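Letters A, B, ... are given to chains in the order of the sequence lines, protein chains preceding strands, and every chain is numbered from 1. Since this is a predicted model, take the numbers as computed values, not measurements.
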Amino acid sequence: MPWKGIRDPYRIWLSEIILQQTRVDQGEKYYLNILKHYPNIQALAKADEAAVFRLWQGLGYYSRCRNLLATAKMIVEEFEGRFPENYQDILKLKGIGPYTAAAISSFAFNLPYAVVDGNVIRVLSRYFGHFQEADTTTGKRFFAELAQECLDPKHAGLYNQAIMDLGATVCKPALPNCPECPFKKTCFAYQQQKIKELPVPKKRAAVIERDLHFVVLENKSHLLIKRRSGRDIWQNLYAFPQRDDDVLMANKLNPSKKQAPDLILEQTLTHRKIKGHFYRIPVTRKPQALIDSDHLWVPISELSHFAFPRLIISFFQKLNYL
DNA sequence: AAGACGGGGAA
DNA sequence: TTCCCAGTCTT
């Protein structure tokens, strides 16, 4: 891992944000790419927001990107570019919760705060044989206290790195390599053959289906895209105006409910199954009425300048636009 | 306390 | 398919 052994809080911060709910293999190239464009927090703070989102495209959990920008600006403007050096102040930053605050505190400043992530929960629950559910308030508190007791306060960074490495490489979720584990002799789960029962799995919300009706206004060279805002999914990414969008209504280009879509594409997420209905409407020129700053009439050749969710990229690929 | 938020790799 | 990942924020 390219961030291993780094003490620069900026790089640690960036890597930890990227690795939230994201595998090392998946996040690594994003980390290197973003670091190449923005080698320090000053560069990131004055970055063009859309450009950073473009680099983030495909990683998921886009609020991380938004908070990353906000925190970079905050640190540069309020703290003269110096990363806060104590846990409580680090925890206050946007996008940084207990895990990331402990990671930065211990890796960058060797402060005695134990990280608690999926790896740590797994290792501790198996080793000690604790059947608490980790996604409840009491369960979280329990594992946080246990982790803090296990921490070697003199070597917090090393300890945190070690227990997460153990979880990632030996004490894996499925098929852990117990015979090679240095703790096998005193591990509850291994000795009692409870590996498959620990950790106790989280309750999982049902996957709900959702239909999105996208209207693609296009001529030979251009099409209309819309920046997504509000509280909905894919904030700050670009897609198309949806059926009943004000601009479509104002230009009398809204497809009727009876009209069949030209294309249907699906994308399954952790908690949603998105069904995208695409209605292609040929137009001769850019629609005029009610166009605001979120609606962009862009050349097809310049689509790569914008960040889109996977579903929309699939649409473009289907049409050979990308 | 529960739900929202992406995407991908492994079994 | 199902699980779940170096989690955090909002309601």
Side-chain angles (χ1 to χ4, degrees), chain A residues 1-4 6 11-31 53 56-68 70-71 90-107 113-123 133-141 143-144 147 157 159-169 171-176 196 199-208 210 228 230-237 239 266-274 307-314:
Chain A
M1 308 177 204
W3 48 81
K4 205 154 196 170
I6 295 285
R11 297 186 190 201
I12 293 168
W13 169 57
L14 176 61
S15 68
E16 294 299 342
I17 298 297
I18 288 175
L19 291 175
Q20 287 168 4
Q21 294 291 284
T22 304
R23 283 197 178 69
V24 170
D25 295 343
Q26 189 191 356
E28 184 169 332
K29 55 182 180 293
Y30 286 86
Y31 169 79
F53 267 87
W56 199 275
Q57 173 175 278
L59 238 198
Y61 283 136
Y62 297 94
S63 65
R64 292 185 293 177
C65 186
R66 193 175 59 252
N67 289 330
L68 195 75
T71 292
I90 294 171
L91 185 58
K92 289 186 188 128
L93 299 170
K94 283 185 183 172
I96 295 183
Y99 165 77
T100 307
I104 296 172
S105 296
S106 63
F107 296 152
Y113 292 89
V115 293
V116 182
D117 68 343
N119 289 311
V120 174
I121 303 274
R122 192 166 55 251
V123 170
E133 296 180 37
D135 59 344
T136 64
T137 303
T138 52
K140 282 194 186 83
R141 186 164 54 228
F143 283 107
Y159 168 87
N160 281 335
Q161 190 61 247
I163 191 169
M164 287 194 288
D165 278 353
L166 185 71
T169 61
C171 197
K172 297 178 286 187
L175 302 179
K196 303 199 68 152
V200 174
K202 301 179 182 182
K203 297 183 285 289
R204 199 160 296 278
V207 175
I208 297 170
R210 179 174 179 194
R228 295 181 65 83
R231 301 185 188 290
D232 207 355
I233 191 175
W234 298 324
Q235 247 185 75
N236 289 12
L237 272 63
E266 290 186 350
Q267 182 183 7
T268 302
L269 310 176
T270 305
H271 47 289
R272 285 284 182 276
K273 184 169 175 181
I274 308 279
F308 298 100
R310 264 194 86 67
L311 183 74
I312 303 300
I313 292 175
S314 302

Q) Hey, what do you get for CD (E16(A)) to CZ (R11(A)), rounding to the nearest 0.5 Å? A) 14.5 Å

Q.
With rounding to the closest Å, how many angstrom separate the P atoms on dG6(B) and dT11(C)?
A. 15 Å

Q. Between L93(A) and R122(A), which has a closest nucleotide on DNA chain C that is more 5'?
A. R122(A)

Q | Interatomic distance, Y31(A) atom OH to T22(A) atom OG1 [nearest 0.5 angstrom] | A | 15.0 Å

Q: Report the residue (K172(A) or T138(A)) whose heavy-atom-nearest nucleotide on DNA chain B is the more 5′ of the two.
A: T138(A)

Q: Assign K202(A) to base, sugar-phosphate, or nothing according to its heavy-atom contacts below 4.0 angstrom with the strands shown.
A: nothing

Q: Indicate, with a heavy-atom threshold strictly under 4.0 Å, whether V24(A) touches base, sugar-phosphate, or nothing.
A: base

**Q.** Span that lies between the C1' atom of dA6(C) and that of dG3(B), in whole angstrom
**A.** 23 Å

Q: State whether the distance check finds a donor on one side and an acceptor on the other, under 3.5 Å, for side chain Y61(A) versus base dG6(B).
A: yes

Q: Pick base, sugar-phosphate or nothing for Q267(A), based on heavy-atom distances below 4.0 Å to the nucleic acid.
A: sugar-phosphate

Q: Describe the nucleic acid contact of T100(A) in one word from base, sugar-phosphate, nothing, applying a heavy-atom distance below 4.0 Å.
A: sugar-phosphate

Q) Is a side-chain N or O of S15(A) found less than 3.5 angstrom from the main chain of I12(A), in a donor-acceptor match? A) yes

Q: Check whether the side chain of T22(A) and the base of dG6(B) form a donor-acceptor pair under 3.5 Å.
A: yes

